[in-house]
Amino acid sequence: MKIIKINVQNYRLLKDFSLELKNDLSLIVGKNNCGKTSVLSVLEKIFNKSSSNTLTWEDISLNHRREIYEKVKLVSNISEKDWEPILGINLQIWIQYSEMDSYQNIQTLMMDLNPDNNFIILEFTYIIPIQKLSDLNFQVSEFIDDFAKFESFMKKNMSKFFEIRIYSLGYDPVTQKLTEEKSDLLEMKDIHKVIKVRGISASREVSNKENNHSLSKTSNRYYKLNNGDNIDNAANNLLQSAIIEADETLTKAYSGDGEDRGIFTSIFERIKGFGGNDSEVELAIHSSLSERDILSNNTTLYYRHDDSLLPETYNGLGYLNLYGMIFGIETLMADIKNEPADINLVYIEEPESHTHPQLQYIFIKNIKGLLKEHDDSLKTDENTSGIQTLITTHSSHIVSDCNFDDLIYFKRDNGEVISKAFNSLKEEYGDDKLGYKFVKQYLTLNSSELFFADKVICIEGDTERILLPTMMQKVDVANPINQDSITMPLLSQNISIIETGAYSHVFRKLFEFLGIKVLIITDIDSTKEEEITDKNGGVRTVNKSCAPKEGTHISNNSILDFFGKDSLKSDTKTQFELVTEKQKYEKYIGNFRIAYQIPEDGKDYQPASFEDAFISLNKQFIIDQKAGLIEYKALKNFDDREIEDFYKFARDKVNKKSAFASSLLYFEDEENTWKVPNYISEGLLWLREQ
């Protein structure tokens with residue numbers, strides 16, 4: 001028995017939201033403020049409602065609050081027979097079961113006995129029922145035309161008018177849609193037999209202040225919940241023996257033993273005096289320790305460092321967080337084993353808090369094994385289906401080392417949150433199985449940042465990677481942002497940079513899946529057709545690299561894919577001419593913009609590569625820094641006249657591209673500075689404004 005889907009309406013950013021869960025672990029990733037916490041929060045507030053953990057007016061989506069207001073205004077203008085409940089928040093839990101599952105707890109939730117229907121759909125509606133509409137309308141009547149005052153009233157009085165109502169909904173397995181059937185009202189106590197939600201939130205009680213002992217408290221709670229059941233027998237026996245011995249010693253210290261006086265002996269003597277000479281009162285205080293009380297009030301967690309013991313608060317926050325999570329998970333599992341439900345939904349929010357990358361790797365590598373161990377243990381009880389786990393994160397380190405089949409991506413789209421399972425990307429690639437495999441393998445640590453980026457720049461290689469941050473800064477300085485503009489400088493934006501070479505088109509479906517803005521910086525790669533003769537005397541035509549002035553075609557697949565090969569055909573112009581004549585507005589399509597070498601303003605020269613473009617624009621800088629560039633092996637020795645043929649110079653005199661790029665940064669100063677090639681500047685300005 002598993003939860004296969006969660007639907008949410010009108011809760012914070014979750015206006016009309018659907019999340020399909022994995023059978024065991026669902027790893028939810030996405031940028032900040034994309035609804036990850038909201039999913040966990042709505043589950044907590046509905047399943048584990050308490051005085052301090054309940055739905056509030058602010059939990060309702062902004063637009064829907066206005067809709068509720070408009071509906072309340074209408075109440076006094078329509079007949080009472082036409083009144084309908086007003087919906088606040090709606091949560092649906094879709095459960096799938098099999099013949100192997102126990103029907104004991106779910107039979108009251110089943111809507112039919114159709115053997116083909118193995119779904120239970122539970123609906124939790126937070127509504128203003130009809131019988132409370134009149135009272136609400138009366139209480140807000142004096143300010144019903146003022147939405148701000150209505151909101152202020154609802155913030156304070158929402159719980160008086162809204163109620164949670166729980167139903168089981170009808171489902172047609174043929175159409176795979178809900179029917180209009182609905183059960184009688186259900187009680188939460190019956191729901192808790194089927195589903196329980198427990199979790200570890202991001203606001204964990206972890207601190208390294210000296211007066212904080214959160215881990216000690218957690219360890220105490222762990223022992224209490226286990227009732228000794230999961231504690232090693234020998235260790236438990238040792239504890240019991242120690243308690244008996246301690247009881248005897250403490251009793252002697254409290255009450256004395258005839259020979260030695262105890263702490264309370266003088267008080268007992270005074271009490272006896274009040275009873276008179278004939279009093280037979282004999283008082284004594286005996287120690288009655290229990291292992292629970294000892295652990296709750298008399299233990300402190302230490303950690304060993306060399307030959308010394310240090311208190312928990314002396315550890316770093318990262319380790320405290322990791323230890324706290326493990327204690328928390330073990331405590332949750334003990335709680336589940338004490339009172340299991342058919343489905344036990346466990347969540348862990350942002351496990352990366354305070355932890356460095358190595359600890360994040362350790363966590364994701366080991367958490368599945370730990371959860372499986374507990375899941376297997378739970379499944380020995382025939383009335384439980386084990387655990388399902390939700391983990392939310394915005395750590396690229398965790399994502400890069402996870403199983404991508406567990407991954408669910410959250411993103412905002414037109415003000416609403418949507419979720420997508422990563423393996424649905426496989427369908428997007430369709431028959432291009434190699435493309436999907438390549439992208440999946442490419443998502444290493446650096447490129448896993450894509451899941452959390454707002455924008456991405458695809459670059460050719462080391463040269464652009466080394467120089468791009470400086471070029472972004474130069475573009476901002478050369479193009480100041482208007483003081484009233486909300487646009488941020490490039491280096492202040494959430495931009496990820498990845499090396500894709502001339503194969504950014506392979507990533508296109510991934511970028512569309514992520515819904516991010518993309519700037520592709522690539523080389524135009526001019527070629528010309530040549531006839532070659534093979535060893536058998538056969539003649540064939542091939543495209544060979546050449547200077548742009550000789551170019552008729554391009555070999556760059558990113559450019560060909562961006563514009564489409566069919567659109568780059570003409571009876572009067574070459575493919576190379578069609579590409580070089582593209583205007584600015586033709587170089588962006590939707591969220592994508594491509595940038596390749598173009599002539600500098602007021603010049604006719606067409607470069608073929610970054611080095612070609614840079615040298616043609618910064619010829620004087622190269623000459624001025626000639627000695628240093630040669631010494632640092634960025635350039636081979638050259639005569640100043642050789643630089644006039646920019647294409648040949650870039651091809652023959654650049655010694656090593658990464659050394660060339662690094663040297664441009666090293667030798668730049670206030671008197672000798674260089675400019676950003678036009679094609680990169682244009683692309684970066686487009687990206688800055690998106």
Side-chain angles (χ1 to χ4, degrees), residues 1-11 14 16-24 26 39 42-43 45-49 84-131 162-197 336 339-346 375 378-379 381-390 408 419 421 424:
M1 191 181 305
K2 297 289 183 183
I3 297 174
I4 62 166
K5 185 163 62 173
I6 296 172
N7 292 338
V8 185
Q9 285 182 300
N10 308 323
Y11 186 81
L14 311 179
D16 192 6
F17 174 81
S18 183
L19 168 63
E20 294 187 7
L21 299 188
K22 308 295 184 178
N23 282 341
D24 299 310
S26 299
V39 171
V42 71
L43 291 171
K45 289 191 173 189
I46 288 181
F47 278 88
N48 301 322
K49 180 183 175 183
E84 293 182 353
I86 298 177
L87 174 65
I89 293 166
N90 182 277
L91 169 69
Q92 285 182 359
I93 306 290
W94 289 55
I95 300 169
Q96 187 174 28
Y97 60 91
S98 70
E99 294 179 355
M100 303 296 292
D101 293 312
S102 169
Y103 287 18
Q104 180 179 341
N105 295 325
I106 63 172
Q107 57 185 335
T108 57
L109 311 178
M110 297 168 65
M111 295 298 292
D112 60 56
L113 298 177
N114 182 351
D116 295 326
N117 184 5
N118 62 337
F119 290 91
I120 291 172
I121 294 90
L122 297 176
E123 182 174 66
F124 305 79
T125 57
Y126 197 54
I127 63 169
I128 305 174
I130 291 174
Q131 58 268 31
F162 276 87
E163 296 178 1
I164 282 279
R165 296 198 171 178
I166 309 170
Y167 302 95
S168 187
L169 305 181
Y171 177 76
D172 185 342
V174 177
T175 62
Q176 298 184 353
K177 293 182 179 179
L178 296 175
T179 67
E180 294 183 357
E181 293 179 279
K182 184 181 288 189
S183 71
D184 294 332
L185 273 174
L186 301 172
E187 295 186 35
M188 187 60 82
K189 65 179 182 179
D190 295 321
I191 302 301
H192 279 159
K193 294 176 183 177
V194 180
I195 305 172
K196 283 190 178 177
V197 177
I336 290 171
E339 297 183 55
D342 292 340
I343 301 171
N344 301 281
L345 187 63
V346 173
D375 187 48
L378 277 170
K379 285 176 179 175
D381 181 349
E382 62 181 18
N383 291 326
T384 179
S385 298
I387 59 174
Q388 278 182 273
T389 307
L390 291 175
I408 300 173
S419 69
S424 69

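Since the model is a prediction, treat every value here as computed from it, not as a measurement.
- The two residues Ser18 and Lys5 come nearest to each other via the heavy atoms OG-CD, 3.4 Å.
- Ile89 and Asn10 make their closest contact through CG1-O, 3.6 Å (heavy atoms, listed as atom of the first residue, atom of the second, distance).
- For the pair Val39 and Val8, the minimum side-chain heavy-atom distance is 4.5 Å or more.
- Of the inter-residue distances, the one linking Ile127 atom CD1 with Phe162 atom CZ reads 9.0 Å to the nearest 0.5 angstrom.
- Using a 4.5 Å heavy-atom threshold, the side chains of Ile336 and Val346 count as touching.
- Partners of Gln9 according to the side-chain hydrogen bond (donor to acceptor under 3.5 Å, both in side chains) rule, which considers only residues two or more places apart in sequence or in another chain, do not exist here.
- Residues satisfying the side-chain contact (heavy atoms from CB on, under 4.5 Å) criterion with Glu187, sequence neighbours excluded, are Lys189, Asp190.
- Using a 4.5 Å heavy-atom cutoff, the side chains of Lys182 and Glu123 are in contact.
- Side-chain contact between Lys2 and Leu21 is absent, with no heavy-atom pair separated by less than 4.5 Å.
- Between Ala421 and Lys22, the shortest heavy-atom contact is CB-NZ, 3.6 Å.
- Taking CD from Glu20 and CD1 from Ile6, the interatomic distance works out to 11.0 Å, rounded to the nearest 0.5 Å.
- Counting only heavy atoms from C-beta outward, the side chains of Asp101 and Asp342 never approach each other to under 4.5 Å.
- Under a 3.5 Å cut-off, the side chain of Glu163 and the backbone N or O of Pro129 do not form any donor-acceptor pair.
- Under the salt bridge (charged side-chain N to carboxylate O under 4.0 Å, His left out) criterion, Glu339 pairs with Lys196, sequence neighbours left out.
- Asp112 pairs by the side-chain hydrogen bond (donor to acceptor under 3.5 Å, both in side chains) definition with Asn117, not counting sequence neighbours.
- Distance CG/Asn90 to CZ/Arg165: 14.0 Å, rounded to 0.5 Å.
- The minimum heavy-atom distance linking Met111 with Ser168 is given by the pair SD-O, 3.4 Å.
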Would Ile195 and Leu122 satisfy side chain to side chain contact (heavy atoms under 4.5 Å, CB included), going step by step from the backbone distance to the final call? CA-CA 11 Å; Ile195 305 172; Leu122 297 176; 4.1 Å; yes
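- For Gln107, the side-chain contact (heavy atoms from CB on, under 4.5 Å) partners two or more places apart in sequence, or in a different chain, are Met110.
- Proximity of Ile93 to Ile191: side-chain heavy atoms (C-beta onward) are nowhere separated by under 4.5 Å.
- Every residue was checked against the ring pair (Phe, Tyr, Trp, His ring centres under 6.0 Å) condition with Tyr11, not counting sequence neighbours, and none meets it.
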List the steps, then state whether side chain to side chain contact (heavy atoms under 4.5 Å, CB included) holds for Leu178 with Gln92. CA-CA 11 Å; Leu178 296 175; Gln92 285 182 359; 3.8 Å; yes
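- Using a 4.5 Å heavy-atom cutoff, the side chains of Leu91 and Leu43 are in contact.
- Proximity of Val194 to Ile120: side-chain heavy atoms (C-beta onward) are nowhere separated by under 4.5 Å.
- Asn114 meets the side-chain hydrogen bond (donor to acceptor under 3.5 Å, both in side chains) test with no other residue; sequence neighbours excluded.
- Distance alone, capped at 3.5 Å, places no donor-acceptor pair between the His192 side chain and the Val197 backbone.
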Enumerate donor-acceptor pairs with a distance under 3.5 Å from any side-chain N or O in residues 169-176 to protein atoms, sequence neighbours excluded.
{"residue": "Asp172", "atom": "OD1", "partner": "Val174", "partner atom": "N", "Å": "2.9"}
{"residue": "Thr175", "atom": "OG1", "partner": "Lys177", "partner atom": "N", "Å": "3.4"}

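- Residues that satisfy the side-chain hydrogen bond (donor to acceptor under 3.5 Å, both in side chains) test with Lys45, not counting sequence neighbours, are Asp59.
- The 12-atom threshold is exceeded at CG of Leu185, counting heavy atoms of other residues, nucleotides or ligands nearer than 6.0 Å.
- A search for side-chain contact (heavy atoms from CB on, under 4.5 Å) contacts involving Asp375 returns Asp24, Lys379, Ile387, not counting sequence neighbours.
- With sequence neighbours left out, the side-chain contact (heavy atoms from CB on, under 4.5 Å) criterion links Gln96 to Ile4, Asn118, Phe119.
- Ile408 approaches Ser26 most closely through the heavy-atom pair CD1-CB, 3.8 Å.
- In this structure, Gln131 places its CD atom where more than 12 heavy-atom neighbours from other residues, nucleotides or ligands lie under 6.0 Å away.
- Of all heavy-atom pairs spanning Tyr167 and Ser183, the tightest one is CD2-O, 3.2 Å.
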